[in-house]
Amino acid sequence: MKKIYFSCLFFIFIQSFSEIIDSTNYKLILKFTPQHLIIRNLRFEIEYLIGKKNHAVVVSPNFYGGFGKSNFDNTSNDKILGFGVDVFYKNFIYKISPDEVQTLKIYFSPGLHFHKINAEIFDKGYFENQNEFGQKVIEYGYHEFEQNIQKTAISFSFGLNYHVLKRVIVEPYFGLIRKFSSIESNDLKDLNERYTENMWDYGYKGFTPRLGFHVGLILF
């Protein structure tokens, strides 16, 4: 009960701060998150300011593609393919404009995340095959196994929205994310340990920090 009470007080607090922010003359921003390229993830953000422009809705498409390696087997060279979408609400709680070009805003942002990733893993193991008579047999050897990861998460972040130029935005952020993942495989080889060990792995479960930055361009 106390947690709900303090959460309500915090929300009222940030709402009251948001009223002091002046409106701006833009509504749509396109952002890119470069650090996600490390995990073969091409990630964009489309941000739309609403109301008095003290609030925003953000939709972020994600695309996975390339070759990866799981720490479970450093010799592997897996094919990674997938997609995802993140949705955020942003509340700008403070703003300062030292001149006509530079503007610094602080925001609070809860988010929801949904991603599906497929890893094709060439490795030794048992697998099902058809012999020359069309019968299903179990064989052992090198085979291309398939791992399907479904990842959902919730996050809470704070960030700095800094207008470097009239149309360029740099946005560092930090927060906490709780990841929930499920892993499936149609093969006989157990793949549940792959891509689950480190915080940045696709199938990791648990709390991790959410750190990074966006580079954005004001469209209009």
Practice item. Please step through side-chain contact (heavy atoms from CB on, under 4.5 Å) for the pair Thr103 and Ile96, ending with a clear verdict. Key: CA-CA 6 Å; Thr103 301; Ile96 183 171; over 6 Å; no

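For residues 80-90, the salt bridge (charged side-chain N to carboxylate O under 4.0 Å, His left out) pairs, not counting sequence neighbours, are Arg43-Asp86, Glu47-Lys90, Lys90-Glu171.
Using a 4.5 Å heavy-atom threshold, the side chains of Ile154 and Leu112 count as touching. By the 4.5 Å heavy-atom criterion applied to side chains, Asp123 and Arg194 are counted as neighbours. Contact check for Phe32 versus Leu37: side-chain heavy atoms found under the 4.5 Å cut-off. Residues Val164 and Ile169 form no side-chain contact, since every pair of their non-hydrogen atoms from C-beta on lies 4.5 Å or further apart. Gln147 places a side-chain heavy atom less than 4.5 Å from the side chain of Ile183. Side-chain contact check for Phe127 versus Asn129: some heavy-atom pair is nearer than 4.5 Å. Using a 4.5 Å cut-off on side-chain heavy atoms (C-beta onward), Thr196 and Asp201 make no contact. Lys79 has its side chain within reach of Phe67: a pair of non-hydrogen atoms, C-beta onward, lies under 4.5 Å apart.
Evaluation of the side chain to side chain donor-acceptor pair (under 3.5 Å) rule for Ser181 yields no partner, not counting sequence neighbours. Residues forming a ring-ring contact (aromatic ring centres under 6.0 Å, His included) with Tyr202 (at least two apart in sequence, or on another chain): Tyr64, Tyr195. Scored by the side chain to side chain donor-acceptor pair (under 3.5 Å) test, Glu146 finds Asn118, Asn148 as partners (sequence neighbours excluded). Legend: residues meeting side chain to side chain donor-acceptor pair (under 3.5 Å) with Tyr140, ordered by chain and number and at least two apart, are absent. Ser185 meets the side chain to side chain contact (heavy atoms under 4.5 Å, CB included) test with Asp187, Leu191; sequence neighbours excluded. By the side chain to side chain contact (heavy atoms under 4.5 Å, CB included) test, Leu160 pairs with Leu104, Ile106, Pro172, sequence neighbours left out. Remark: Ser155 engages His113 in a side chain to side chain donor-acceptor pair (under 3.5 Å) (not counting sequence neighbours). Taking Ile138 as the reference, Tyr126, Glu128, Leu188 meet the side chain to side chain contact (heavy atoms under 4.5 Å, CB included) condition, with sequence neighbours excluded. Shown here are the side chain to side chain contact (heavy atoms under 4.5 Å, CB included) partners of Leu176, two or more places apart in sequence or in another chain: Phe207.
Its side chain within the 4.5 Å cluster rule, Val58 clusters with Phe88 among the Ile, Leu, Val, Met, Phe, Trp and Tyr residues. Other members of the hydrophobic cluster containing Phe213, listed by chain and number, are Val215; membership follows side-chain contacts under 4.5 Å among ILVMFWY residues, whether direct or relayed.
For Tyr48, the OH atom is loosely surrounded, since the number of other residues' heavy atoms within 6.0 Å does not exceed 12. Atom CD of Gln35 has more than 12 neighbouring heavy atoms from other residues, nucleotides or ligands inside a 6.0 Å radius.
Atom-to-atom distance recorded for Phe44:CZ and Leu30:CG is 7.0 Å, nearest 0.5 angstrom. From Ile117, atom CD1 reaches atom NZ of Lys151 across 5.0 Å, with rounding to the nearest 0.5 Å. To the nearest 0.5 Å, atom CG of residue Asn41 and atom CH2 of residue Trp200 are 15.5 Å apart. One distance of note links CZ of Phe83 with NE2 of His115; it measures 10.0 Å at 0.5 Å rounding. Note that the NE2 atom of His55 and the CD1 atom of Ile93 stand 12.0 Å from one another [nearest 0.5 Å]. Taking CG of Leu217 as the start and CD1 of Ile29 as the end, the distance is 9.5 Å to the nearest 0.5 Å.
Cluster annotation: Val168 and Tyr162 are assigned to the same hydrophobic cluster (Ile/Leu/Val/Met/Phe/Trp/Tyr, side-chain heavy-atom contacts under 4.5 Å, transitive). Connection of Ile50 to Ile46 is established within a shared hydrophobic cluster, with ILVMFWY side chains joined at heavy-atom distances below 4.5 Å, either directly or through further cluster members. Hydrophobic clustering (side-chain heavy atoms under 4.5 Å, transitive across Ile, Leu, Val, Met, Phe, Trp, Tyr) groups Val57 together with Leu28.
Results of the ring pair (Phe, Tyr, Trp, His ring centres under 6.0 Å) test with Phe158 over Tyr94, Phe108, Phe92 single out Phe108 as the only residue that passes.
In this structure, Ile177 and Pro209 approach most closely via the heavy-atom pair CG2-O, 4.3 Å. Between Phe220 and Arg167, the shortest heavy-atom contact is N-NH1, 4.3 Å.
Note on Asp78 versus Arg40: no salt bridge recorded, every NZ/NE/NH1/NH2 to OD/OE distance being 4.0 Å or above.
A donor-acceptor pair under 3.5 Å links the side-chain atoms of Lys179 to the main chain of Met199, judged by distance alone.
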